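Below, chain A is the first sequence line, B the second, and so on; all start at residue 1. For clarity, every value in this text was computed on a predicted model and none was experimentally measured.
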2 protein chains.
Amino acid sequence: MEKPDKRCAIVRATLDLVAEQGFHGAPMALVADRAGVAAGTIYRYFESKDVLINEAYHYLEERFFAAMMERYPEGAPVRERFLHIGGVLVRYCIDAPLEFRFLEQFHNSPYGVEHRREKLFNKNNRDVITELFNEALDLGVVKELPLPVLFGLAFGPLLDICRDHILHFIELDDELVSRCVEACWDAIRC
Amino acid sequence: MEKPDKRCAIVRATLDLVAEQGFHGAPMALVADRAGVAAGTIYRYFESKDVLINEAYHYLEERFFAAMMERYPEGAPVRERFLHIGGVLVRYCIDAPLEFRFLEQFHNSPYGVEHRREKLFNKNNRDVITELFNEALDLGVVKELPLPVLFGLAFGPLLDICRDHILHFIELDDELVSRCVEACWDAIRC
DNA sequence: CCTCCGAGAATGAACGTTCATTTTTTATCA
DNA sequence: TGATAAAAAATGAACGTTCATTCTCGGAGG
């Protein structure tokens, strides 16, 4: 009987409900129900709904970065590392559609804008992807475009195809995923 | 005193408010205020808020397609026509940030998913962009990928950079826009 | 006098949050 | 150990707001 048992249940309930029905479909009463606690209990663990949602996001973000670093080809050329990241990104998202849907909701909301602004203007930001792109720029293997543009070119379409796959607008398989990631590389490479 | 005077004012007020503050920030009472009518009056013109929002969207969609067809290089090569469309898209969006923000909100909502589903599965769909891509596929000048994937590769990043420009994450000028549109072409071309 | 449009108050449902109360756990001492 | 007191956690009904929508009535035009 650990302490964080309930806390975790609340976070997971939030993730599920937001993923399934959007922020509108996740009122605190429902979150409480799904987590098996009373409405008021949530406020013993989280100051507000905003705090709860941000915590849920960070929980997912960590899981995702962990997945990305598995078998990351550390010393390999830039292109190969990018293909790894892109492939993992897409496969992770379509394997965990609920997590993807939550992330999508989050990014397309004021939460997401704030989160992005902080990341962008907080120069201490030391994540693998930024490092990779900066290295690629130094080496001159990708187009000289602002970082946000490179991110958009490289990952925007990948998220789009994940969404379309989950909505059954297209059917992704391993080969198609590879070709899409390579197309994104074509967009940014010199 | 024409009839459609108030109707139009209501649509424009909806556009403005949703663009500025999102769907949450556009309650009917505020829409009414901004349009210079009373809350109840809206319901004399629109059956519900959903109907009002869909109508606002279609209004914008038409304006946008009209802009895109201005000086469209009808007989030119596929690449040139794509660059025209991409350039117009970006310039239109950053010149009319309110319209862009509304469209973004709309697309990232259940309204947008429904709209996309209908477009995709309604084969009678005869818009210029679909025609262009089908022609490009026939000629073999773009990668053989499903249409939704090509759309994502070609336009996803362009919408991303518009958003980032409007949020002041980047600063677009004509030259940078051109280079971005060309990068998108690199993504889809063979 | 009648018709009907527009106004804005009224309505009821839904929401996040609070708090007085109950239940469970932990600490204290014989 | 067992009894009891203190503390912590959990509860869920209730609150105040906000929202889309409906209702009712005054007044302008015929």
Side-chain angles (χ1 to χ4, degrees), chain A residues 1-59 102 105-106 108-115, chain B residues 1-59 101-102 105-106 108-112 114-115:
Chain A
M1 291 191 210
E2 322 90 307
K3 186 117 58 55
D5 208 18
K6 289 213 162 119
R7 186 186 181 83
C8 186
I10 292 167
V11 171
R12 298 206 68 91
T14 306
L15 288 175
D16 288 358
L17 280 170
V18 171
E20 285 165 16
Q21 327 238 22
F23 288 113
H24 296 279
M28 294 301 252
L30 256 192
V31 170
D33 257 21
R34 172 93 53 129
V37 302
T41 306
I42 297 176
Y43 291 84
R44 298 201 60 78
Y45 295 92
F46 304 95
E47 193 187 311
S48 69
K49 192 178 187 180
D50 278 10
V51 170
L52 169 58
I53 282 172
N54 275 291
E55 180 133 341
Y57 176 78
H58 284 114
Y59 171 75
F102 178 92
Q105 300 271 349
F106 186 89
N108 296 310
S109 76
Y111 298 117
V113 172
E114 210 36 56
H115 180 260
Chain B
M1 291 193 206
E2 321 90 309
K3 186 113 61 55
D5 207 19
K6 290 212 162 115
R7 185 186 182 83
C8 187
I10 293 167
V11 171
R12 299 205 68 91
T14 306
L15 289 175
D16 288 358
L17 280 170
V18 171
E20 284 164 18
Q21 328 237 23
F23 288 114
H24 296 280
M28 295 299 254
L30 259 192
V31 171
D33 257 21
R34 173 92 53 128
V37 302
T41 306
I42 296 176
Y43 290 85
R44 304 202 66 79
Y45 294 91
F46 303 94
E47 192 186 314
S48 69
K49 194 178 186 179
D50 278 10
V51 169
L52 169 58
I53 283 173
N54 275 292
E55 180 135 341
Y57 176 78
H58 284 113
Y59 170 76
R101 301 253 293 145
F102 178 92
Q105 301 270 350
F106 186 89
N108 297 312
S109 75
Y111 297 117
E114 210 36 56
H115 181 260

Listed partners of B:Y111 passing side-chain contact (heavy atoms from CB on, under 4.5 Å), at least two apart: B:F23, B:D50, B:I53, B:N54, B:F106, B:S109
Using whole Å, report how far NE2 of A:H24 lies from P of D:dC19. 12 Å
Which letters describe nucleotides 21-30 of chain D, given B = protein heavy atom under 4.0 Å from base, S = only from sugar-phosphate, - = neither? BB--------
Do other residues, nucleotides or ligands put more than 12 heavy atoms under 6.0 Å from the NE2 atom of B:H24? no
A:L17 CG - C:dC15 P separation (whole Å): 12 Å
Do A:V11 and A:F46 touch side chain to side chain, with heavy atoms closer than 4.5 Å? yes
For B:D33 and C:dA7, give me the distance from atom CG to atom C1', rounded to whole Å. 12 Å
Whole-Å gap separating C1' (C:dG8) and CG (B:L30): 15 Å
To the side chain of B:K6, which of D:dA10, C:dG6, D:dA20 is closest? C:dG6
Would you mind reading off the distance between A:F46 atom CZ and D:dA10 atom P, rounded to a whole angstrom? 12 Å
Spacing between B:F23 atom CZ and D:dC19 atom C1', to the nearest angstrom: 16 Å
Starting from C1' on C:dG16, measure out to CD1 on A:I53 and report it in whole angstrom. 11 Å
Are B:Y45 and B:V37 side-chain neighbours, meaning at least one heavy-atom pair lies under 4.5 Å? no
Can you pull out every salt bridge (charged side-chain N to carboxylate O under 4.0 Å, His left out) where at least one residue sits in residues 19-47 of chain B? Sequence neighbours excluded, please. B:E20-B:R34
Round to the nearest Å and state the distance from B:Y45 atom OH to C:dA7 atom C1'. 12 Å
Matching residue for B:V31 among B:V18, B:L17, B:D16 - test: side chain to side chain contact (heavy atoms under 4.5 Å, CB included): B:L17
